[in-house]
Amino acid sequence: AQSVTQLGSHVSVSEGALVLLRCNYSSSVPPYLFWYVQYPNQGLQLLLKYTTGATLVKGINGFEAEFKKSETSFHLTKPSAHMSDAAEYFCAVSSVKAAGNKLTFGGGTRVLVKP
Amino acid sequence: DAGVIQSPRHEVTEMGQEVTLRCKPISGHNSLFWYRQTMMRGLELLIYFNNNVPIDDSGMPEDRFSAKMPNASFSTLKIQPSEPRDSAVYFCASSYVPGNYGYTFGSGTRLTVV
């Protein structure tokens, strides 16, 4: 079975400050890892994904995440927060063995950006 | 591609009425997922289909919920009879198997049962 834990259901950052959202996963097989963003009244949009290869992956809107197998983590970062980054962020895990590409989502982290 | 298309965007209905939510997945995708999102429970997977066949419906809350996928380009989620606790945003998502490239989500249907 796979699981995802996102530390902190709410994060508040100042505009221009570092954004760091934490995600730890549990998987008995090599994982595929994803970050999604959900803006108010919208669906989830894929930010970035790790499947194989380079462990540092870059996504849209200046976000990046690093897969650390030893720490079973896939934390999301952005060097400088912008007001438009205010949204909810979801980490998710899947694997090559997951039937139908089934994703397991974390509980989400809501980001508030202060001016 | 127009993405995953859900209709309606908003639905307000009275308790006891039948509600049907619709989803058109991305052309070429062969897996389809229905999720429900609420403040209390977050994102819940209700059911998913692979090649139009229901694979796992263990997330369907009760017999009042049913889902169908008559062909590769259309799926419905039906609630009959609806209850106020069914009020939520319902998302449809699709993906291609094999190839773990994540899901593409629709914009959701906000259901309010009064």
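Chain letters run A, B, ... following the sequence lines, proteins first and then strands; every chain starts at 1.
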Can you give each donor-acceptor pair under 3.5 Å made by side-chain atoms of residues 75-82 of chain B, sequence neighbours left out, with the distance rounded to 0.1 Å?
unit_1, atom_1, unit_2, atom_2, d
B/S75, OG, B/W34, NE1, 3.0
B/S75, OG, B/K68, O, 2.8
B/Q80, OE1, B/E18, N, 3.2
B/S82, OG, B/E14, O, 3.4
B/S82, OG, B/Q17, O, 2.8

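- Atom CG of B/N71 has more than 12 heavy atoms from other residues, nucleotides or ligands within 6.0 Å.
- Heavy-atom distances place no part of B/N30 under 4.5 Å from chain A, backbone and side chain included.
- Residues B/F91 and A/Q42 share a closest heavy-atom pair of CZ-O, 3.7 Å.
- For A/Y36 (side chain) and B/Y103 (main-chain N/O), a donor-acceptor pair under 3.5 Å exists by modelled atom type.
- If you measure heavy-atom distances from B/R9 to chain A, the contacts under 4.5 Å come from the side chain alone.
- A distance of 9.0 Å separates CG in A/L44 from OH in B/Y35, rounded to the nearest 0.5 Å.
- Contact of B/Q37 with chain A is made through the side chain alone, with heavy-atom distances under 4.5 Å.
- Following chains of ILVMFWY side-chain contacts shorter than 4.5 Å, one cannot reach A/L48 starting from A/F90, and the two form parts of different hydrophobic clusters.
- Looking at A/Q45, neither its backbone nor its side chain comes within 4.5 Å of chain B, counting heavy atoms on both sides.
- Within a 6.0 Å sphere centred on CZ of A/R22, other residues, nucleotides and ligands contribute 12 heavy atoms or fewer.
- Partners of A/F63 according to the ring-ring contact (aromatic ring centres under 6.0 Å, His included) rule, which considers only residues two or more places apart in sequence or in another chain, are A/Y89.
- Side-chain heavy atoms closer than 4.5 Å link hydrophobic residues (I, L, V, M, F, W, Y) into clusters, and following such links, possibly through other members, connects A/Y39 to A/V13.
- For B/L32, no part lies near chain A; criterion is any non-hydrogen pair under 4.5 Å.
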